[in-house]
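Everything quoted here is computed from the prediction, not taken from an experiment. The analysis underlying the following values was restricted to heavy atoms, covering all of them including side chains, and did not include hydrogens, waters or symmetry mates.
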Amino acid sequence: MAVSGAARRPLHDAAHALAFLTIIPVRLRGEAGALGAAAAWFPLVGALVGLLAGATRLLAGPLFGATVATILALAVLVAVTGALHQDGLADCADGLGVRGDRERRLEVMRDSAVGTFGALALLGWGALMIAALAALDDDAAARALVTAAITGRWAVLVHATTAPPARRDGLGASFQVSAVALAVATAAAIAGAVLLDGIVHGVAAVAVAGLTARLASAHARRTLGGRTGDTLGASVAVAEVAVCLTLLALA
């Protein structure tokens, strides 16, 4: 029996989210459409990314110890996403680290080369993630990775809906998240975090991710005039760190 167009739309949006957020080969039938339409699926794609990284930590932990297993898990996390969010973090750090006005910062962020501030930001992200996750046992670290991946990809939606576009073009301008998509993604993020970590820790993880996104929006408005594709990516990476540190503190 043929599937109607209305029934295919959610599946198409899910495939679009998977194709954008990961390097997993996904064949989209027809036009991809607006990315904002796929926003409701971001936490579920995050769950898949987190499961791959968490499974790596679980399997490698008994063989290599917590630190090496964590590094391998983060390598999987970065690889499966094509370093999408780390690229945004590095570009934001370079743009915000340069001296000059808003236009100068935006110009630097368009440069694909990684500068000193970008390299330091990536080192800081990696060091904090390794320190937080290596301090947890294998099971707790695996759950923290999944939770961070889910809530991080929900946080980007909060950032997108609380900061105006800094430019008229680019991903920052085109990524428009509807209230319905945000509500669905919020419900998915809360449900996932609570199932993984319990009510108290799960709600705390979502709250910290949301607060991180709101702070990112406030900082982006003040320094850049709003969101860009890079600030969207950076909000995911920073939220992941904040959630992992929160879960470590509550462990």
Side-chain angles (χ1 to χ4, degrees), residues 16-24 32 34-36 38-39 41-43 45-46 48-50 53 74-98 105-115 117-126 128-129 145 148-167 169-177 182 185 189 209-221 223-244:
H16 190 187
L18 186 64
F20 177 75
L21 292 173
T22 74
I23 62 169
I24 297 173
L35 182 61
W41 294 92
F42 275 29
V45 175
L48 174 60
V49 172
L74 291 178
V76 170
L77 181 72
V78 172
V80 78
T81 59
L84 179 66
H85 313 304
Q86 288 70 33
D87 179 68
L89 177 63
D91 286 343
C92 281
D94 283 332
L96 297 175
V98 73
R105 293 190 181 103
L106 290 172
E107 179 186 352
V108 170
M109 288 168 66
R110 283 187 182 275
D111 189 346
S112 59
V114 177
F117 290 104
L120 290 173
L122 292 176
L123 286 172
W125 179 85
L128 287 171
M129 290 290 282
L145 278 164
I150 291 172
T151 55
R153 281 144 194 83
W154 167 73
V156 72
L157 308 186
V158 177
H159 176 49
T161 54
T162 55
R167 306 186 185 100
D169 61 343
L171 179 60
S174 65
F175 188 52
Q176 301 289 337
V177 181
L182 178 61
L211 177 61
T212 301
R214 293 299 297 267
L215 291 174
S217 293
H219 190 58
R221 288 196 303 268
T223 57
L224 302 172
R227 70 179 186 266
T228 69
D230 288 325
T231 68
L232 292 171
S235 67
V236 176
V238 175
E240 287 175 337
V241 170
V243 168
C244 286

(Q) A side-chain contact here means heavy atoms from C-beta on lying under 4.5 Å apart; do Leu74 and Leu145 qualify? (A) yes
Tightest non-hydrogen contact, residues Pro165 and Ala173, listed as CB-CA, 3.7 Å
(Q) Is it the case that over 12 heavy atoms from other parts of the model lie below 6.0 angstrom from the CZ atom of Arg214? (A) no
Residue set satisfying side-chain contact (heavy atoms from CB on, under 4.5 Å) with Ala19, at least two apart, ordered chain then number -> Val26
Q | Min side-chain heavy-atom separation Gln86-Thr81 under 4.5 Å | A | yes
In the structure I gave you, are the side-chain heavy atoms of Val238 and Leu215 within less than 4.5 Å of one another anywhere? no
Here the side-chain hydrogen bond (donor to acceptor under 3.5 Å, both in side chains) pairs for residues 224-235, sequence neighbours left out, are His159-Thr231
Sequence neighbours excluded, the answer for side-chain contact (heavy atoms from CB on, under 4.5 Å) partners of Arg221 is Ala163, Pro164, Ser217, Ala218
Side chain to side chain contact (heavy atoms under 4.5 Å, CB included) for Val177 and Val156? Distances and angles first, verdict last.
CA-CA 10 Å; Val177 181; Val156 72; over 6 Å; no
Closest non-hydrogen contact found for Leu157 with Ala185 is CD1-CB, 3.4 Å
Between the side chain of Arg105 and the main-chain N/O of Thr223, is any donor-acceptor distance below 3.5 Å?
-> yes
By ring pair (Phe, Tyr, Trp, His ring centres under 6.0 Å), Phe117 pairs with (sequence neighbours left out) none
Checklist entry - Do Ile24 and Leu48 come within less than 4.5 Å of each other through their side chains, counting heavy atoms only? => result yes
Side-chain heavy-atom pair Gln176, Thr161 within 4.5 angstrom cut-off | no
Leu128 meets the side-chain contact (heavy atoms from CB on, under 4.5 Å) criterion, sequence neighbours left out, with Val241
Name the atoms and distances for all side-chain donor-acceptor pairs under 3.5 Å in residues 148-155, with sequence neighbours left out.
residue, atom, partner, partner atom, Å
Thr151, OG1, Thr147, O, 2.8
Arg153, NH1, Ala149, O, 2.9
Arg153, NH1, Glu240, OE2, 2.9
Arg153, NH2, His85, NE2, 3.4
Arg153, NH2, Glu240, OE2, 3.3
Trp154, NE1, Thr186, OG1, 2.8

Heavy atoms of Ala209 and Val243 approach each other most closely as CB-CG2, 3.9 Å
Hey, is the main chain of Ala237 close enough, under 3.5 Å, to the side chain of Trp125 for a donor-acceptor pair? yes
Hits for salt bridge (charged side-chain N to carboxylate O under 4.0 Å, His left out) against Arg110, two or more places apart or cross-chain, chain-then-number order -> Asp169
Heavy-atom nearest pair, Ala160 first then Leu232, reads CB-CD2, 3.9 Å
Exercise. Yes or no on side chain to side chain contact (heavy atoms under 4.5 Å, CB included) for Leu84 and Thr22, after CA distance, side-chain angles and deciding distance?
Worked result: CA-CA 8 Å; Leu84 179 66; Thr22 74; over 6 Å; no
Sorted by chain and number, sequence neighbours left out, side-chain contact (heavy atoms from CB on, under 4.5 Å) with Ala242 holds for Val208, Thr212
